[in-house]
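What follows is a set of notes on a single structure, which appears directly below.
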Amino acid sequence: MNEPVRLSKRMSELGICSRREADEWIERGWVMVDGKVISQLGSKILPDQKITVRKQASLEQSKKVTILINKPVGYVSGQAENGYKPAVSLINETTHWKNDPSKEKFRPSQLRSLVPAGRLDIDSVGLLVLTQDGRIARQLIGENSTTDKEYLVRVKYLKPGRLPDSDLRLLRHGLKLDGKPLLPAKVHWQNDDQLRFVLREGKKRQIRRMCEAVGLKVIGLKRIRIGQVRLGDLPPGQWRYLGAGEKF
């Protein structure tokens, strides 16, 4: 039997918008269920009922920006902590990459509700996504996300000789973090002291902890790709907009 679910939860499940956006739209009278406006927060519907949204909601959503930044060392992904600045503090007119292919113009209102869609450790560099769009955040960090992320990792082996192939296989699959098995990863040598990792999950300091488990010390870590979006030539400390035709 179909159980009623909260309208905002159902909208999020269907990928229409985030729950927070759904609540805003419901309050504004922009959401209809089976053609009838629902403006009461917390309303429940059956999963097979048809949800439509007014044009204003789609227009509002299309104005939301997603920003790609090449995060340098020393910045945290989210809230300021321990005296370190958040990556969002790097976003202003002067740090906007002059070769940004999008024609979007920077407006301070774009900083409102701009949140990181995933983390990058303070001592890691490379591609970080900040977005106002709940759909993109959910796609990249939702519990059912299948978006892979690619990293170049400079390492030093702390034991004599070279990392055995058996340990390389362990990095690909077989390690546990916090008592839970990790999903399979792609791990290959790029050159003598650099590995390329492709992961589908992002536990805290995951790559560093994986490397530690097999006797490798991470010297440097750079994220170069999220899904189909690459860091490319974006200089450190600068940012650009996600283009209209770009998809993760």
Side-chain angles (χ1 to χ4, degrees), residues 17-18 20-21 59-142 145 147-154 194 196-202 204-208 218 220-248:
C17 60
S18 69
R20 190 170 63 183
E21 283 173 317
L59 286 170
E60 180 117 325
Q61 207 165 40
S62 69
K63 284 189 279 184
K64 293 182 185 297
V65 297
T66 295
I67 282 173
L68 312 172
I69 187 165
N70 186 346
K71 186 188 90 65
V73 167
Y75 286 82
V76 290
S77 303
Q79 301 292 320
E81 54 184 76
N82 303 331
Y84 292 108
K85 288 182 175 176
V88 72
S89 67
L90 285 165
I91 296 170
N92 56 57
E93 214 163 334
T94 54
T95 51
H96 186 188
W97 188 34
K98 67 179 190 302
N99 295 335
D100 186 344
S102 88
K103 297 292 174 263
E104 186 77 46
K105 291 276 184 285
F106 175 71
R107 301 185 306 279
S109 63
Q110 292 167 348
L111 297 173
R112 201 181 308 131
S113 307
L114 193 65
V115 296
R119 65 162 73 88
L120 198 55
D121 299 328
I122 191 164
D123 38 8
S124 301
V125 303
L127 184 58
L128 180 67
V129 177
L130 300 159
T131 187
Q132 293 178 317
D133 190 334
R135 294 169 305 171
I136 285 179
R138 190 166 175 272
Q139 183 189 355
L140 298 189
I141 55 175
S145 173
T147 309
D148 60 6
K149 296 153 188 94
E150 185 175 345
Y151 303 81
L152 294 178
V153 187
R154 202 163 290 287
Q194 188 166 257
R196 184 175 70 91
F197 277 73
V198 179
L199 302 180
R200 283 228 163 148
E201 57 194 333
K204 195 164 185 184
R205 299 183 80 75
Q206 177 170 337
I207 290 176
R208 293 173 194 277
V218 172
L221 191 154
K222 181 180 189 178
R223 183 156 64 204
I224 58 168
R225 178 177 65 81
I226 297 176
Q228 295 175 38
V229 175
R230 293 188 169 274
L231 179 64
D233 299 326
L234 184 62
Q238 293 188 26
W239 61 275
R240 69 173 180 88
Y241 293 100
L242 182 74
E246 280 187 294
K247 297 273 185 291
F248 288 101

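Just so it is clear, the values below take in all heavy atoms, side chains as well, and ignore hydrogens, waters and symmetry mates. Nothing fancy with the numbering, it's 1 onward along the sequence. Owing to the predicted nature of the structure, the values given are computational and were not obtained by experimental measurement.
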Side-chain donor-acceptor pairs of residues 232-245 under 3.5 Å, sequence neighbours excluded:
unit_1 : atom_1 : unit_2 : atom_2 : d
Trp239 : NE1    : Asn92  : O      : 3.1
Trp239 : NE1    : Thr95  : OG1    : 3.0
Arg240 : NH1    : Glu246 : OE1    : 2.9
Arg240 : NH2    : Glu246 : OE2    : 3.0
Tyr241 : OH     : Lys105 : O      : 3.4
Tyr241 : OH     : Phe106 : N      : 3.4
Tyr241 : OH     : Gln110 : OE1    : 2.5

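- For the pair Val129 and Val229, the minimum side-chain heavy-atom distance is 4.5 Å or more.
- Atom CD1 of Ile136 is separated from atom CD1 of Ile226 by 11.0 Å, given to the nearest 0.5 angstrom.
- Closest non-hydrogen pair, Leu128 versus Ala87, comes out as CD2-CB, 3.6 Å.
- Arg223 places no side-chain N or O within donor-acceptor distance of the main-chain N or O of Gly126, the cut-off being under 3.5 Å.
- Taking Arg196 as the reference, Glu150 meet the side-chain hydrogen bond (donor to acceptor under 3.5 Å, both in side chains) condition, with sequence neighbours excluded.
- Here the shortest heavy-atom pairing between Ala137 and Ala117 reads CA-CB, 4.0 Å.
- Not counting sequence neighbours, the partners of Val125 by the side-chain contact (heavy atoms from CB on, under 4.5 Å) test are Val73, Lys222.
- With Lys149 contributing its side chain and Thr147 its backbone, the two residues share a donor-acceptor pair below 3.5 Å.
- By the side-chain hydrogen bond (donor to acceptor under 3.5 Å, both in side chains) test, Gln194 pairs with Arg154, sequence neighbours left out.
- The list of ring-ring contact (aromatic ring centres under 6.0 Å, His included) pairs with a residue in residues 119-140, not counting sequence neighbours, is empty.
- Taking the salt bridge (charged side-chain N to carboxylate O under 4.0 Å, His left out) definition, one finds that Arg20 meets it with nothing, sequence neighbours left out.
- Judged by distance alone, with hydrogens and angles left aside, the side-chain atoms of Gln132 form no donor-acceptor pair with the main-chain N or O of Ser113 at under 3.5 Å.
- Residues Ser124 and Ile207 fail the side-chain proximity criterion, which asks for heavy atoms closer than 4.5 Å.
- Between the OH atom in Tyr151 and the CD atom in Gln206 there is a gap of 8.0 Å [rounded to 0.5 Å].
- For Gly78 against Pro86, the heavy-atom pair with the smallest separation is O-CB, 2.9 Å.
- Not counting sequence neighbours, the partners of Asp148 by the salt bridge (charged side-chain N to carboxylate O under 4.0 Å, His left out) test are Arg225.
- Among residues at least two apart or in separate chains, salt bridge (Lys or Arg N to Asp or Glu O under 4.0 Å) pairs with a member in residues 120-129 are Asp121-Arg205, Asp121-Arg208, Asp123-Arg205, Asp123-Arg208.
- Between Pro116 and Ile141 the shortest heavy-atom distance is O-CD1, 4.3 Å.
- To the nearest 0.5 Å, the span separating CD1 on Ile69 from CD1 on Ile91 amounts to 4.5 Å.
- Between atom CD of residue Glu21 and atom CG of residue Asp133 there is a gap of 6.0 Å, rounded to the nearest 0.5 Å.
- Residues meeting the salt bridge (charged side-chain N to carboxylate O under 4.0 Å, His left out) test with Arg119, sequence neighbours left out: none.
- Considering CG of Leu221 and CG of Leu120, their distance stands at 7.0 Å, rounded to 0.5 Å.
- Expressed to the nearest 0.5 Å, how far CG of Leu231 lies from CG of Asn70 amounts to 4.5 Å.
- Here the shortest heavy-atom pairing between Tyr75 and Ser89 reads CE2-OG, 3.8 Å.
- Residue pairs that meet the salt bridge (Lys or Arg N to Asp or Glu O under 4.0 Å) test with at least one member in residues 92-104, sequence neighbours left out, are Glu104-Arg107.
- For Thr131, the side-chain hydrogen bond (donor to acceptor under 3.5 Å, both in side chains) partners two or more places apart in sequence, or in a different chain, are Thr66.
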